[in-house]
Amino acid sequence: MTEITCQLVVIGGGPGGYVCAIRAGQLGLDTVLVERGKLGGSCLNVGCIPSKAMIHVAEEFEKLTEAANGKTPFGLTAAQPALDFKQAIAWKDGIVQRLNNGVAALLRKAKVKIVQGHARFQDGKTIVVETETGSKTIKAETVVIATGSAPVELPSLPFGGRVISSTGALSLSEVPKSLVVVGGGYIGLELGTAFAKLGSKVSVVEAQDNTLPLYDSELTAQIARRLAALGIEVLTGAKALGPTAQGDGLRVEAADGQERSLAADKILVTVGRAPVMANLGLEQLVLDMDGRFIRIGQHCETSMRGIYAIGDVTGEPMLAHRAMAQGEMVAEIAAGLPRAWDKRCIPAICFTDPEIVSAGLSPDEAREAGITIKVGQFPFAANGRAMTRHGEAGYVRIVARADNQQVIGIQAVGQGVSELSAAFGLAIEMGAVLQDIAGTIHAHPTLGEAIQEAAFKALGHAIHV
Ligand code: FAD
Ligand code: NAD
């Protein structure tokens, strides 16, 4: 058995783990990264990147279909489009491969040693890795757990055959004729929308009263309208009971208590993700848990000295950029720098059609926190750039403290608003007041002007509405 001694070992090479390892390497720490699968984790291989590639294919296909059906108001027509789905999947896989190689190169540049295999704790300072060439023991001063998450399986719908997880949905060989999505959250609606645009007959079965229950209903109302326009049937307050006797669909208990069957070539189960901790040897440690997740403090420290946890294994929000920010911070802490989790917001984006962005507090959340607020909302219907992109639906909404005008939340719904999220996060993180945003020249014609106008509106003097 080979033995490696290092200053920092990171278990898991997803966005949390690889960012942590790169930053630690940059800071001169002798760093080892253990990954049992592919570098980049869920996000790069079966999550953020491949799903956005598929969403892009679906958007392009829908545009061509609209043009072929003579539905564009700007006079564009096209022949009926054809989709080579295998090529679309190959294109998506090519992007993933390029990014895998990119992460490996960045790790090498930072002088991080990569060990390929499954890691298990022997004790708080010792990890045993089963590699293809035998076991390796790694002894480290600091250990970072970044083992991520995996799809939750429903007992009534175990994965296999027609029942697929997001990973299966991103590597299908053909577009299913009918797709039932169980769970109308992030993944269900992002992928459900994409498959509807690609031609699937899509139904969504959601247990709660609303889809995307994490977002406020003002924002999600636009999504609900679009789902309906795409012909997606949404059953809220519904329960997935299991496959039909013939195995060709899903039995559902609808909100009214009636049972019905939905035809399904594929059943995509997207009811959340659970932390990955199996065979990690956690029984050798005494870690405090937070429900199913590892409990962490403001330095991402666990209840055991020298052991940190970052990313999805520490719970919600399970977002790649949170994992990366935690990873960067923990590397600096391991190198002795004074850091703590002091972020004011973690922006969240739902890449539906239209997209939703939320940074900081919504009006309801601010009121519930006892803050007196003023809100400014500016519609894209009054934004020239949105009109020239044929994307007038939606708005930007700013939430500010009434006493000192400090911006504590910004939300938007609309086509392409994901790219505005950086401006939202920056404003909140920098402690901007409404006057800062109103006083910043926003280039014309851009969707970003809606942020400035929303600030003007909150100050009581919008120009363009
Ligand atoms: P992961 O990315 O899960 O990486 C953990 C790594 O640890 C894996 O590579 C795994 O192989 C490895 N590992 C686990 N156990 C061991 C072990 N014992 N030994 C060695 N290696 C181990 N987030 C966004 O912010 N934006 C999005 O648009 C977005 N879209 C998504 C779409 C889908 C379909 C899915 C499934 C997720 C999406 N997410 C998105 C969520 C995002 O993927 C996760 O939040 C992110 O990947 C978490 O990073 P992580 O480093 O904590 O864990
Ligand atoms: P989610 O938590 O977003 O949605 C799960 C949905 O399933 C919820 O609406 C929930 O009410 C519903 N549900 C739960 N049990 C159910 C049942 N038995 N029957 C019917 N509905 C049920 O989870 P997800 O969509 O699986 O995504 C997992 C994680 O991945 C999310 O927490 C998110 O952080 C991350 N993610 C992020 C993005 C993004 O940032 N754009 C995209 C995809 C995934």
Side-chain angles (χ1 to χ4, degrees), residues 42 45-66 68-69 80-93 95-96 151 154 157 159-206 211-212 220 222-236 238 240 243 248-250 252 261-273 349-356 415 418:
S42 307
N45 296 291
V46 294
C48 323
I49 298 297
S51 63
K52 271 72 233 179
M54 290 314 295
I55 288 168
H56 177 71
V57 173
E59 282 170 357
E60 296 299 300
F61 188 70
E62 195 207 14
K63 278 186 207 157
L64 290 177
T65 308
E66 279 182 355
N69 295 341
Q80 204 61 42
L83 173 66
D84 182 341
F85 194 60
K86 285 197 175 65
Q87 190 178 331
I89 296 285
W91 171 74
K92 179 252 323 171
D93 290 344
I95 296 167
V96 170
L154 289 175
L157 289 168
F159 293 129
R162 284 178 196 239
V163 184
I164 55 174
S165 68
S166 53
T167 303
L170 290 167
S171 54
L172 291 171
S173 53
E174 56 185 29
V175 177
K177 282 195 183 58
S178 52
L179 175 73
V180 175
V181 178
V182 180
Y186 274 100
I187 302 179
L189 292 197
E190 288 186 5
L191 293 183
T193 302
F195 278 105
K197 289 179 179 178
L198 291 171
S200 298
K201 168 77 191 104
V202 176
S203 320
V204 177
V205 177
E206 165 59 47
T211 52
L212 289 176
T220 55
Q222 306 258 357
I223 312 295
R225 276 198 285 280
R226 184 73 175 114
L227 294 176
L230 283 166
I232 299 177
E233 185 184 10
V234 179
L235 282 81
T236 52
D248 57 355
L250 179 74
V252 178
S261 298
L262 299 169
D265 283 339
K266 296 286 176 202
I267 300 171
L268 169 60
V269 178
T270 54
V271 294
R273 292 177 63 85
I349 302 171
C350 195
F351 291 84
T352 36
D353 178 9
E355 295 170 339
I356 301 180
Q415 278 177 26
S418 53

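Any value given below was found using the heavy atoms of this structure, including those in side chains, with hydrogens, waters and symmetry copies removed.
No side-chain N or O of Thr193 forms a donor-acceptor pair with one of Arg226 less than 3.5 Å apart.
Listed by chain and residue number, Lys92, Val96, Leu170 satisfy the side-chain contact (heavy atoms from CB on, under 4.5 Å) test with Pro50 (two or more places apart in sequence, or in another chain). In this structure, Ser200 has no side chain to side chain donor-acceptor pair (under 3.5 Å) partners at least two apart in sequence or on a different chain. Arg162 is linked by a side chain to side chain donor-acceptor pair (under 3.5 Å) to nothing, counting only residues two or more places apart in sequence or in another chain. Under the rule for a side-chain contact (heavy atoms from CB on, under 4.5 Å), the partners of Ala169 that lie at least two apart in sequence or sit in another chain are Ile164, Leu191, Phe195, Leu268. Scored by the side-chain contact (heavy atoms from CB on, under 4.5 Å) test, Ala68 finds Gln80, Pro81 as partners (sequence neighbours excluded). Applying the side chain to side chain donor-acceptor pair (under 3.5 Å) test to Glu233 and every residue at least two apart in sequence or in another chain returns Arg260. Listed by chain and residue number, nothing satisfies the salt bridge (Lys or Arg N to Asp or Glu O under 4.0 Å) test with Glu59 (two or more places apart in sequence, or in another chain). Residues passing the side chain to side chain donor-acceptor pair (under 3.5 Å) test with Lys197, sequence neighbours excluded: Asp353.
Nearest heavy-atom pair across Ala53 and Ile95 is CB-CD1, 4.3 Å.
By the 4.5 Å heavy-atom criterion applied to side chains, Thr211 and Ile223 are not counted as neighbours. Considering only heavy atoms from C-beta on, Leu83 comes within 4.5 Å of Val57 through its side chain. By the 4.5 Å heavy-atom criterion applied to side chains, Leu157 and Pro243 are counted as neighbours. Residues Val180 and Val252 have side chains not in contact (no heavy-atom distance under 4.5 Å, counting atoms from C-beta outward). For the pair Phe85 and Leu198, the minimum side-chain heavy-atom distance is below 4.5 Å.
Listed by first then second residue, pairs satisfying salt bridge (Lys or Arg N to Asp or Glu O under 4.0 Å) with a partner in residues 49-58 read Lys52-Glu190, not counting sequence neighbours. Evaluation of the salt bridge (Lys or Arg N to Asp or Glu O under 4.0 Å) test over residues 166-189, restricted to residues two or more places apart or in two chains, returns none.
A salt bridge is absent between Glu66 and Lys63: the closest approach of a Lys/Arg side-chain nitrogen to an acidic carboxylate oxygen does not fall below 4.0 angstrom.
Of the possible polar contacts, none joining the Ser178 side chain to the Lys201 backbone as a donor-acceptor pair under 3.5 Å is found.
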Q | side-chain contact (heavy atoms from CB on, under 4.5 Å) assessment of Glu206 paired with Val181 | A | CA-CA 8 Å; Glu206 165 59 47; Val181 178; over 6 Å; no
